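Chain identifiers are assigned alphabetically (A, B, ...) following the order of the sequence lines, protein sequences preceding nucleic acid strands; residue numbering begins at 1 within each chain. Every heavy atom of this structure was used, including side-chain atoms; hydrogens, water molecules and symmetry mates were not. Quick caveat, the model's predicted, so the values are computed rather than measured.
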There are 2 protein chains.
Amino acid sequence: MSDARLTLGLEEDPLLLDRQICFPLYAATNLLGRLYGPVLRKLNLTYPQYLVMLVLWEQQPQTIGALGARLYLDSGTLTPLLKRMEGAGLLSRARDPNDERRVLVTLTERGETLRSQALHVPETMANGYNAEGVDALRESVRDLVSILAQHSTRSRGSKAA
Amino acid sequence: MSDARLTLGLEEDPLLLDRQICFPLYAATNLLGRLYGPVLRKLNLTYPQYLVMLVLWEQQPQTIGALGARLYLDSGTLTPLLKRMEGAGLLSRARDPNDERRVLVTLTERGETLRSQALHVPETMANGYNAEGVDALRESVRDLVSILAQHSTRSRGSKAA
DNA sequence: GGCGATTTAATCGCGCGCAAGGCATTATCG
DNA sequence: CGATAATGCCTTGCGCGCGATTAAATCGCC
């Protein structure tokens, strides 16, 4: 089509949008966030705030570093996000008395109670999906994440064996 | 492990982070953006700006609406982004004389020349990957995108038959 | 015990991403 | 032709997401 006539051994134009793996991931994430938005809005949660709640509902309290290791985020993102959630009364942030460098994040009563209202979110989102290929897709993307996390100097990459 | 003892007919806790499809997509997108960042920085491009350039290198000129339909973004995101790229001398924005509502985006000489420098980006990024499962993964995520796009009222979803 | 190195969060600046609203241009219909 | 609706883009406000820097607390080492 274009001026790709110098592709000696190369098979095709490497810059075609449809050949990138990054673009469908980018688009899927944006579209998913757009779908979750209205559902989570009823819980007064944003999409990343919802992910933080998922982590805290599993285990609690957790340090900011531990949250970041789980979600692949750093304090530059988490600190203001957690402050907003604290302002909403979902959790409390307090320095660890045993190590004043750390900040322990603990759910409030309100934060724990919200879990019951969040229980219907997954089924609401997975409304019309076959859910067959989804399991395989999730595992594939997770494999990609673990590969990408290795190549990343950030994201507290110290959990892998 | 936790308090999932009330799982009458349900198989498992639906709120476990590792059961969500949204989370690995979210993490993979963030990690990928973090990997692309330093590489694209040498071209003075951000990650979404790179995607815009990919679209424009394929076809040109394009309206903002067409760009948004391709990238699943709306003018609220694209307009300021394109203005920054215009300020960087990569493209020009001008009203379509035939329809003054539209804005035509055209690459400048500088924008077209940048393509040669971008040619090595894909191979740089795909450095240590087997690239076997990547093709299948890309198709799976693309299928997901097309499903999600149908459920979306936005993103000018008027291309499907 | 003192002192440099490391760990852990907080802060700042910037660029998205999106919902909501606004405005000019074009299309539609009586 | 004139009113009304639809289209296409711009603007605003807010919440991330990240690189970079800063500051405090802890650890190691002598």
Side-chain angles (χ1 to χ4, degrees), chain A residues 26-38 40-41 44-52 62-69 71-88 93-105 152-158, chain B residues 26-41 44-52 62-69 71-88 93-105 152-156 158:
Chain A
Y26 170 84
T29 299
N30 287 345
L31 289 167
L32 256 186
R34 236 171 283 169
L35 282 187
Y36 271 86
L40 295 176
R41 193 161 166 59
N44 279 311
L45 285 177
T46 67
Y47 187 65
Q49 286 173 11
Y50 172 67
L51 295 179
V52 168
Q62 292 212 38
T63 67
I64 294 184
L67 283 172
L71 297 173
Y72 303 98
L73 296 172
D74 66 357
S75 68
T77 297
L78 284 175
T79 294
L81 187 153
L82 292 171
K83 282 186 174 180
R84 278 186 287 270
M85 296 177 75
E86 187 181 31
R93 306 177 325 116
R95 290 283 168 180
D96 184 346
N98 298 101
D99 188 341
E100 293 273 346
R101 289 173 302 184
R102 304 182 182 222
V103 169
L104 288 177
V105 179
S152 177
T153 57
R154 291 192 163 282
S155 75
R156 322 261 67 81
S158 60
Chain B
Y26 170 85
T29 299
N30 287 345
L31 289 167
L32 256 186
R34 234 171 283 169
L35 281 187
Y36 271 87
V39 178
L40 295 177
R41 193 161 165 60
N44 278 311
L45 285 177
T46 67
Y47 186 66
Q49 285 173 12
Y50 172 67
L51 295 179
V52 168
Q62 292 212 37
T63 67
I64 294 184
L67 283 173
L71 297 173
Y72 303 97
L73 296 172
D74 67 356
S75 68
T77 299
L78 284 175
T79 294
L81 187 153
L82 291 170
K83 282 188 174 180
R84 278 185 287 270
M85 295 177 76
E86 186 181 33
R93 307 177 322 118
R95 291 280 167 182
D96 184 347
N98 298 100
D99 187 342
E100 292 274 345
R101 292 173 300 183
R102 305 182 182 219
V103 169
L104 288 176
V105 179
S152 177
T153 58
R154 293 194 161 282
S155 75
R156 322 262 63 84
S158 61

I'd like to check the side-chain hydrogen bond (donor to acceptor under 3.5 Å, both in side chains) partners of Glu100(B); sequence neighbours left out, ordered by chain and number.
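For Glu100(B) there are no side-chain hydrogen bond (donor to acceptor under 3.5 Å, both in side chains) partners, ignoring immediate neighbours.
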With nearest nucleotide decided by heavy atoms, which residue, Leu81(A) or Asp99(A), maps closer to the 5′ end of DNA chain D?
Leu81(A)
[X] side chain near [N] phosphate (N/O to OP1/OP2, under 4.0 Å):
| X | N | answer |
| --- | --- | --- |
| Lys83(B) | dT11(D) | yes |
| Tyr47(A) | dG17(C) | no |
| Arg93(B) | dC10(D) | yes |
| Thr46(A) | dC16(D) | yes |
| Thr63(A) | dA9(C) | yes |
| Arg101(A) | dT26(D) | no |
| Tyr72(A) | dG17(D) | no |

Measure the distance from [atom1] on [X] to [atom2] on [N] and round it to the nearest whole Å.
| X | N | atom1 | atom2 | result |
| --- | --- | --- | --- | --- |
| Arg34(B) | dG17(D) | CZ | P | 10 Å |
| Leu78(B) | dA19(C) | CG | P | 14 Å |
| Asn44(B) | dG15(C) | CG | P | 11 Å |
| Asp74(A) | dT7(C) | CG | P | 16 Å |
| Leu82(A) | dT8(C) | CG | P | 16 Å |
| Leu45(B) | dG19(D) | CG | C1' | 17 Å |
| Leu73(B) | dC18(C) | CG | C1' | 10 Å |
| Asp96(A) | dT8(C) | CG | P | 11 Å |

Select base, sugar-phosphate, or nothing to describe what Thr77(A) touches, counting heavy atoms under 4.0 Å on all strands.
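The answer is base, as Thr77(A) lies within the cut-off (heavy atoms under 4.0 Å) of a base atom.
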Under 4.0 Å, counting only non-hydrogen atoms across every strand here, what does Tyr36(B) touch: a base, just sugar-phosphate, or nothing?
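Here Tyr36(B) touches no strand at all.
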Any donor-acceptor pair, under 3.5 Å, between the side chain of Ser75(B) and the base of dC10(D), if you only look at N and O atoms?
yes
Given [options], identify the nucleotide with an atom nearest to the side chain of [X].
| X | options | value |
| --- | --- | --- |
| Ile64(A) | dG17(C), dA9(C), dT26(C) | dA9(C) |
| Val103(A) | dC10(D), dA9(C), dG19(D) | dA9(C) |
| Glu100(B) | dC18(D), dT26(C), dA9(C) | dT26(C) |

With under 30° as parallel and over 60° as perpendicular, where do the rings of Tyr26(A) and Tyr47(B) fit, or are they tilted in between?
perpendicular
Check: Leu73(A) and Val52(A) side chains under 4.5 Å, non-hydrogen atoms:
no
Please give me the minimum heavy-atom distance between Arg93(B) and Ile64(B), naming the atom from each residue.
NH1-CD1, 4.4 Å
Keeping the roles fixed (side chain from Arg102(A), backbone from Arg95(A)), state whether a donor-acceptor pair exists under 3.5 Å.
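No; zero donor-acceptor contacts below 3.5 Å.
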Of Gly33(A) and Gly76(A), whose closest DNA chain C nucleotide lies nearer the 5' terminus?
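Its nearest nucleotide lies further toward 5', so the answer is Gly76(A).
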Here's a test of your reading of the structure: between Leu104(A) and Arg41(A), which maps to the more 5' nucleotide of DNA chain C?
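Residue closer to the 5' terminus by nearest nucleotide: Leu104(A).
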Full working for side chain to side chain contact (heavy atoms under 4.5 Å, CB included) between Leu78(B) and Val105(B)
CA-CA 11 Å; Leu78(B) 284 175; Val105(B) 179; over 6 Å; no
